[in-house]
Amino acid sequence: MSQAAQPTGPDTSGGSWPPRQPTARGAGWVTGGVTFAGALMVCSGILAILQGIAAVAKDEVYALVGNYVYRINLTGWGVIHIVIGALVLVTGIGLLKDMTWARFAGLFLASLSLIAQFLFLPYQPIWSFVMIAIDVFVIWALASRQEAVG
């Protein structure tokens, strides 16, 4: 029997051909973190759009705020959340498709979303803290991804 006919080790390709090669972009958990960040961006984009629609519709979901330094009327907040949400949604889809532009846009938009949620704290404090935590994870995942060198 020839050398080429004998297997040289266990088949780790999972049945796909050609065998998968390790990515040069970084560790698997970081790459998985970027995929998870993309999925979170899609979800948070949809939720921000719904949050904005509720604010524009003057729903009774949001409490009236007294004297707050960064006070904007509720319709203004609704428009801000709809625009940011739509951009975050499109960028999240781009991240799931592994587009390079989406990583940099995602960093910018997650930072912008974090600031908007901070300013929205008096209206929905618990929800804003949850969204801020998600934005921090997205920023970490996108910033820690290593690009291939050379």
Side-chain angles (χ1 to χ4, degrees), residues 9-65 68-150:
D11 181 20
T12 59
S13 66
S16 65
W17 186 259
R20 298 178 102 190
Q21 299 296 322
T23 60
R25 291 190 178 192
W29 63 275
V30 173
T31 304
V34 171
T35 302
F36 186 56
L40 281 177
M41 286 186 77
V42 168
C43 292
S44 68
I46 291 169
L47 291 173
I49 291 170
L50 294 174
Q51 184 179 17
I53 290 171
V56 168
K58 296 186 180 9
D59 196 355
E60 299 298 320
V61 172
Y62 302 110
L64 295 175
V65 178
Y68 180 54
V69 176
Y70 305 110
R71 185 172 180 185
I72 299 176
N73 70 7
L74 210 47
T75 303
W77 276 119
V79 171
I80 289 170
H81 283 298
I82 290 171
V83 169
I84 291 175
L87 293 172
V88 167
L89 174 65
V90 169
T91 304
I93 293 170
L95 277 173
L96 292 175
K97 291 184 176 185
D98 202 27
M99 297 182 168
T100 304
W101 65 266
R103 180 174 161 223
F104 298 107
L107 281 166
F108 174 74
L109 289 172
S111 301
L112 190 63
S113 174
L114 188 145
I115 293 167
Q117 291 297 333
F118 173 77
L119 296 175
F120 201 66
L121 270 170
Y123 295 96
Q124 288 287 317
I126 295 173
W127 182 249
S128 291
F129 278 126
V130 168
M131 294 304 292
I132 287 170
I134 289 172
D135 289 334
V136 167
F137 172 78
V138 168
I139 291 168
W140 171 82
L142 296 178
S144 64
R145 182 169 181 180
Q146 300 289 322
E147 291 296 327
V149 179

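For the single chain, residues carry numbers from 1 onward in sequence order.
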Evaluation steps, side chain to side chain contact (heavy atoms under 4.5 Å, CB included), between W77 and L119: CA-CA 10 Å; W77 276 119; L119 296 175; 3.3 Å; yes
Any side-chain to backbone donor/acceptor pair from S128 onto Q124? Under 3.5 Å, distance only. yes
Of the non-hydrogen atoms in [X] and [Y], which two are nearest, and what is the gap between them?
| X | Y | value |
| --- | --- | --- |
| L89 | I49 | CD2-CD1, 4.3 Å |
| D135 | L114 | OD2-N, 3.2 Å |
| I139 | A110 | CG1-CB, 3.6 Å |
| L142 | L107 | CD1-N, 3.7 Å |
| V79 | V56 | N-CG2, 3.9 Å |
| A37 | V138 | O-CG2, 4.0 Å |

To the nearest 0.5 Å, tell me how far [X] [atom1] sits from [Y] [atom2].
| X | Y | atom1 | atom2 | value |
| --- | --- | --- | --- | --- |
| M131 | S113 | CE | OG | 5.5 Å |
| I80 | L112 | CD1 | CG | 9.0 Å |
| L109 | T91 | CG | OG1 | 4.5 Å |
| I93 | M41 | CD1 | CE | 10.5 Å |
| Q117 | Q51 | CD | CD | 5.0 Å |
| I82 | L50 | CD1 | CG | 9.5 Å |

Test side chain to side chain contact (heavy atoms under 4.5 Å, CB included) applied to W140 and V136, step by step: CA-CA 6 Å; W140 171 82; V136 167; 5.5 Å; no
Relative to the ring of F120, is the ring of Y123 parallel (under 30°), tilted (30 to 60°) or perpendicular (over 60°)? parallel
